[in-house]
Amino acid sequence: MKRKSKLYLRMTILLLVIYLFLLTVLCLSEYTDSHATIRSFGDAFWYSLVTLTTVGYGDLTPVTPLGQAVGVIFLLLSAGIMMTLFGAVISFVTSEGLPLFLLSRQRKKNWYYFADCSVESRTLAANIYKEDADTVIIFGEKRDDQTEFPDYPCLFINVSPARIVEHKKGVGSKCRIFLMQENDIGSNPRAIDLHTLPVDVYARTTNGRDHLSGNINFFHSYDCCARQYWHSKPLCSYENTIVILGFGNYGRCILERAIMTNILSVSQHVAYHIFGDARQFLSMHNHLHETFSLNSVSATTDSLIFHDDLWEMHHALMELADRIIICPDNEPEGWNIYWRLNSYYKLHGQIHLHSNRKTPGVTYFGANEEIYTPDQIMRTALNKAAITINEIFCRSVSYPTRTWDELDDFHRDSKIAAADHLLMKIRILLKDETITELTPEITQRASKVYRESRKAPDIQEMYRRIDHTRWLRFYTFYNWSYGPARNDIARQHPMLCPYDQLNPEQKRERDAAWELLESIAPEL
């Protein structure tokens, strides 16, 4: 298609040059004859037009031999020129010419480019349009005949991101590019040299950190699902036994998020029972025993119990569990587990099923429209909260610290984990376990409660202990251990110890994540 478009363009330019030359010759040759009816360039153009279109009014005719020769040429070229012009128009309309022209008329809007037109891409595009109607959605491939046209305005343009950026011409905000196929950044030809373009890139992956370099950002759909799950269905104080059935990508991320964020009180003792192959997970995270009771239920701290046998053999556990999370990577397998549990077990707690299929009466999570949202993928609010936490932290300590841009990926993740716990902190402060969304009003109320609580040293100590527990979990999850001095290479930190062993300044560091509430409320 591209070659054909270029061919039509070249032929059109060539014929236009020849056409103008012939008009000039016709005008000059006829102008010198006193009997000629063609006396100007306009007359020559009119004559050529009625001749090429085969109308032939006869009001103007060449009388000189050279003029008549030009007339014969016009007669011979009429069919070819019309077909070429017609082909050029068709090519412009049916290829990338018209969409690119329409795109160039909307440079001031926000552009979102999707390298493919998958279900995930269309879902994210729809959620973006809901939040920002002043946007242009661009799919970087031709629309398939089997694909329904989206309910929002969009363009299908089979061109590279570089061509899109070229048409943006630096007007308005930077273009955002999404690679929605897993690990597309390493296999999609459209991903080549994206780091050199003035764009923000969001690439879906199954491994690696959330940030590569410069403008390349990764997101994990499994982690997005887990984050959305615990935000919409957070842990409650009455839940002491949680069962996770399936320990693939979804199960692993759900457990990781639970480790990072499910800290409600200093006296909680939640037991997580995990069914699935956890050998690689345990080999990778070999310091979890420092903050959890591994493979034995504790009455004083949280426990991680990894089962090698079948969940079907644990009738008492299933029937007494406060929550059962069904999350194998294979969705039909999850439904099979769901029906067997309901058919053969007398269940005490809730069942949460990972499913993209909505069925009445089933408590499900992980639907595409819940996972593929701008806030989940671009994490604008979460990153802003993390940056604010770091700023508060820098102001609250006496020793040298690093700004957000100076932080490495690990310490950025540390601040992001602190921001991710924000919803749980609000539920703790307001003593309301039904809160699942952050709003300005709720955040301001929680901030007021926190300010009042600082007048009571014992309550402030409790809040510090809660955040220290959260901080310990994050560092031990990434295999850090205690050391007399901080050593990032050896992964050692002097604060990786019980709260009571911290000095006063170290204890005050735990205030930063709570103080964030007052700063973040205006942003919401």
(request) Identify whether the distance between the nearest side-chain nitrogen and carboxylate oxygen of Arg464 and Glu461 falls below 4.0 Å. (result) yes
(request) Look at the side chain of Asn487 and the backbone N and O of Gln492, then say whether any donor-acceptor pair between them is shorter than 3.5 Å. (result) no
(message) Taking the basic N atoms (NZ, or NE/NH1/NH2) and the acidic carboxylate oxygens, is any pair closer than 4.0 Å for Asp151 and Lys130?
(response) no
(message) Taking the basic N atoms (NZ, or NE/NH1/NH2) and the acidic carboxylate oxygens, is any pair closer than 4.0 Å for Arg402 and Asp488?
(response) yes
(request) Considering only NZ, NE, NH1 and NH2 on the basic side and carboxylate oxygens on the acidic side, decide whether Glu452 and Lys448 come within less than 4.0 Å. (result) no
(message) Atom CD of residue position Glu406 - does it have more than 12 heavy atoms of other residues, nucleotides or ligands inside 6.0 Å?
(response) yes
(message) Can you tell me if Glu441 has over 12 outside heavy atoms packed within less than 6.0 Å of its CD?
(response) yes
(request) Look at the rings of Phe410 and Tyr478 and say which category their plane angle falls in: under 30° parallel, 30 to 60° tilted, over 60° perpendicular. (result) perpendicular
(request) For the pair His287 and His289, name the ring-plane relationship: parallel under 30°, tilted 30 to 60°, perpendicular over 60°. (result) parallel
(request) Sorted by first residue and then second, give each ring pair (Phe, Tyr, Trp, His ring centres under 6.0 Å) pair with at least one member in residues 162-185; sequence neighbours left out. (result) Phe114-Phe178, Phe178-Tyr202
(message) Does Asp458 have more than 12 heavy atoms from other residues, nucleotides or ligands lying within 6.0 Å of its CG?
(response) yes
(request) For the pair Asp409 and Arg412, find out whether any cationic side-chain nitrogen is under 4.0 Å from an anionic carboxylate oxygen. (result) no
Show me the side-chain donor-acceptor pairs of residues 364-373 shorter than 3.5 Å, one per line, residues at least two apart or across chains.
from   : atom 1 : to     : atom 2 : distance (Å)
Glu369 : OE2    : Lys358 : NZ     : 2.3
Glu370 : OE1    : Gln228 : NE2    : 3.4
Thr373 : OG1    : Gln376 : N      : 3.2

(message) Can a donor-acceptor pair be found, under 3.5 Å and without considering hydrogens, that links the side chain of His285 to the backbone of Phe477?
(response) yes
